[in-house]
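Just so it is clear: chains get the letters A, B, ... in the order the sequence lines come, proteins before strands, and each one is counted from 1. Keep in mind that the numbers below use all heavy atoms, side chains included, and drop hydrogens, waters and symmetry copies.
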There are 2 protein chains.
Amino acid sequence: MSRMKLHTVGQLARRSGVTVRTLHHYDAIGLLTPAARSPNGRRLYDRDNALRLQQIMLYRTLGLSLDEIARILDDPGFDRHDALLAQRQAVVAQITKGEALIRGIDEALALIDNALQKDMDMATLFGGFDPSKFEDEAKARWGDTDAWREQAKRTSQYSAEDWRSYHTEHGAICERLAELAAAGAAPDGKEAQEAAKTYAALIDRWFYPCDASHLGPLADMYEADVRFQETFNAFGAGTADFVIPAFRACAQSGE
Amino acid sequence: MSRMKLHTVGQLARRSGVTVRTLHHYDAIGLLTPAARSPNGRRLYDRDNALRLQQIMLYRTLGLSLDEIARILDDPGFDRHDALLAQRQAVVAQITKGEALIRGIDEALALIDNALQKDMDMATLFGGFDPSKFEDEAKARWGDTDAWREQAKRTSQYSAEDWRSYHTEHGAICERLAELAAAGAAPDGKEAQEAAKTYAALIDRWFYPCDASHLGPLADMYEADVRFQETFNAFGAGTADFVIPAFRACAQSGE
DNA sequence: GCTTGAACCTGACGTTGCGTCAGGGTGTAG
DNA sequence: CTACACCCTGACGCAACGTCAGGTTCAAGC
């Protein structure tokens, strides 16, 4: 009866392709308790233990947690079928998430490849994208416009100190916009419109001739590029969603 | 200059959609250190902090680790492009693994659905699959053979005690096979052939008339179904890969 | 001036599945 | 008698925070 061969941890580990530590662990959490201990306390595993280990390894290759495996093996009322279906669901969800990640990464890679290697640094430094660093993209968007040439001419002269100064001003107006957004102000309300005009004035002073009517295309651009939205949202969640309609309203009323 | 608005943890957390604990954590690991502390030790974040947090969150949505994000943001020599490509690779690998998991789970589900709900329990109890529990599958394989009818007739009479007895015998011969496999014995060697014949005798005594010539189809069956292989491998890794050619050799020489 | 609630602080443990020492016992072959 | 192989029990480490616990501070209302 109990004449069958018993194995030590090392033997079972080698036979089954797991580590000794793994068996120690399974013993510690009660997932696989050795059939006996030698007088000196050594773990002794019998055939049933070996078979159970096979089951454990099988379920582990299916990605189930040790906790779930324990329930499947020990609780006769536990439905294997349901457990596997649930696991399938979880893996599918994980794959879906992974695919979304890939899309996001590809998008980011496309931006970087598109001669934008530095724009994120610039965003950090300047609180906004540095237009001089993505001429290709900007030209495709704005064409060979006067505004573009003007800002290119002006910004090429700015010193680091100028940029810091711009940064401060830009931050101030963005904070104002974020406050209004957080307070639930109407995008076409009086305060929002004033803030929008202040923003236009900022652009006008630092980049190119800009009045309220220019805020429409600007809103389009911000809406089209998450990175712009993120620089707004850095001042408070939802700011971009407030700024875009506010700029559009301002452009409308200005015409 | 330093007149700009500073936010406390709670404020920045709310604005940015993260938890206070997360900001504490980022501070603890040096990923996002607040610009200042109030006299009473409270964390004070400035706009640069907020912008950096946005960057961190952006990279986090792409699945990068905090460690990598820190390198990307702090080490100017670190190539974002390469980092993102590497991350893409990792995610693709993870998706591939997930798809393999799905296939494995579907396979397992198919087995369970195929009227096999109990076979894994049986495997645990009997050290092998209980043929009476998957008639559909077995019939499709063996057809309406005499062997099948014979084992069905016999096994239907077996008591739990009989099964335990079978279990012991089966375990003994499997261990012998595993020993030979582990020792690197030749599948067509003398000892292997004797063990194979012992196995055939076991089948003969417990299930249906079986001599060496029947081991060929048996080997085919074992090769076709991982579950059989696993019951062998429970006695030592690689046992199945030894048993299958050994059985075939035995069948050849027997003819 | 006092109390109260909200917000802040610093530890420190829990999670998942082991890997990886550290320190010490045991058994056996030469 | 001494290596050397193998066993044991802790216990820390990892990734990214979640979740108390115990104590301080702040702004506001009575």
Side-chain angles (χ1 to χ4, degrees), chain A residues 6-45 49 52-53 55-73 86-87 90-91 94 97 101, chain B residues 6-45 49 52-53 55-73 83 86-87 90-91 94 97-98 101:
Chain A
L6 296 173
H7 300 302
T8 65
V9 255
Q11 288 166 349
L12 182 58
R14 267 192 304 278
R15 278 167 181 277
S16 306
V18 301
T19 68
V20 170
R21 178 65 178 104
T22 297
L23 294 177
H24 280 178
H25 184 55
Y26 290 172
D27 187 11
I29 65 175
L31 178 59
L32 182 66
T33 310
R37 291 276 189 152
S38 81
N40 8 306
R42 310 201 147 166
R43 275 168 260 259
L44 297 173
Y45 293 89
N49 289 144
R52 186 177 167 98
L53 178 57
Q55 305 259 317
I56 293 169
M57 290 173 67
L58 191 152
Y59 283 115
R60 232 197 23 171
T61 63
L62 300 182
L64 288 148
S65 73
L66 298 183
D67 204 58
E68 287 168 320
I69 295 176
R71 277 201 291 273
I72 289 178
L73 295 182
Q87 171 64 7
V91 175
Q94 182 199 315
K97 248 179 49 189
L101 275 192
Chain B
L6 297 173
H7 300 301
T8 66
V9 255
Q11 287 166 351
L12 182 59
R14 267 193 304 278
R15 278 166 180 279
S16 306
V18 301
T19 67
V20 170
R21 177 66 177 102
T22 298
L23 294 177
H24 280 178
H25 184 56
Y26 290 172
D27 187 10
I29 65 174
L31 178 58
L32 182 65
T33 310
R37 291 276 190 151
S38 81
N40 5 300
R42 304 198 153 171
R43 277 167 259 259
L44 296 174
Y45 294 90
N49 289 145
R52 186 176 167 99
L53 178 56
Q55 307 258 315
I56 294 170
M57 290 173 67
L58 191 153
Y59 283 115
R60 231 197 23 171
T61 63
L62 299 182
L64 289 150
S65 73
L66 298 185
D67 206 55
E68 287 167 320
I69 294 175
R71 277 200 291 273
I72 289 178
L73 294 182
Q87 172 65 6
V91 175
Q94 182 200 317
K97 250 179 45 189
L101 276 192

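In terms of heavy atoms, B/L73 sits closest to B/Q55 at CD2-OE1, 3.7 Å. The two residues B/L62 and B/Q87 make their nearest non-hydrogen contact at O-NE2, 3.1 Å. Across all non-hydrogen atoms, the minimal contact from A/L44 to A/P34 is O-CB, 3.4 Å.
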Donor-acceptor list for residues 23-32 of chain A side chains, cut-off 3.5 Å, not counting sequence neighbours:
from: A/H24; atom 1: NE2; to: A/R43; atom 2: NH2; distance (Å): 3.3
from: A/D27; atom 1: OD2; to: A/R37; atom 2: NH2; distance (Å): 3.3
from: A/D27; atom 1: OD2; to: A/R43; atom 2: NH1; distance (Å): 2.6

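Atom OG1 of residue B/T61 and atom CD1 of residue B/I56 lie 12.5 Å apart, to the nearest 0.5 angstrom. Rounded to the nearest 0.5 angstrom, A/L58 CG and A/L53 CG are separated by 11.0 Å. Note: A/R52 CZ to A/T33 OG1 = 7.5 Å, rounded to the nearest 0.5 Å. Here the straight-line distance linking atom CZ of B/R14 with atom OG1 of B/T8 works out to 7.0 Å at 0.5 Å rounding.
As judged by a 4.0 angstrom heavy-atom cut-off over every strand, A/S65 is placed among residues touching the sugar-phosphate backbone only. Looking at heavy-atom distances under 4.0 Å, A/T8 makes contact with sugar-phosphate atoms alone, never a base.
Protein atom CG of B/L53 is 11 Å distant from nucleotide atom P of D/dC17, rounded to whole Å. Protein atom NE2 of A/H25 is 14 Å distant from nucleotide atom C1' of D/dG13, rounded to whole Å. Rounded to an integer number of Å, the gap from A/L23 CG to D/dC6 C1' is 14 Å. B/L32 has its CG atom 15 Å from the C1' atom of D/dA16, to the nearest Å. In this entry the distance linking CD1 of B/I56 with C1' of D/dA15 reads 16 Å, nearest Å. One interatomic measurement links the two molecules: CE of B/M57 to P of D/dA16, which rounds to 15 Å at whole-angstrom precision. D/dC7 atom C1' lies 12 Å from atom CZ of A/R14, rounded to whole Å. Per the geometry, CG belonging to B/D67 stands 7 Å off P belonging to D/dA16, to the nearest Å.
Considering only side-chain N and O atoms, B/R60 lies under 4.0 angstrom from the phosphate OP1 or OP2 of D/dC17.
Heavy-atom distances to DNA chain D give each of A/R21 and A/N40 a nearest nucleotide, and the one nearer the 5′ end belongs to A/N40. Nearest-nucleotide assignment on DNA chain D puts the 5′-proximal partner with A/V9, out of B/Y26 and A/V9.
Across its full length, the helix from C/dG1-D/dC30 to C/dG30-D/dC1 shows an angle of 40° between the axes of its 5 terminal pairs at either end, rounded to 10 degrees.
Chain B approaches DNA chain C within less than 4.0 angstrom (heavy atoms of the protein), and the contacting nucleotides run 5' to 3' from C/dA7 to C/dA12.
At least one side-chain heavy atom of B/E68 sits under 4.5 Å from a side-chain heavy atom of B/R71.
With distances taken from any side-chain atom of B/R42 to the nucleotides D/dC17, D/dT9, D/dT25, the minimum falls on D/dT25. Minimum atom distance to the side chain of A/R37 is reached by D/dT9, of the listed D/dA16, D/dC6, D/dT9.
With no hydrogens or angles considered, a side-chain donor-acceptor pair links B/N40 and B/S38 at under 3.5 Å.
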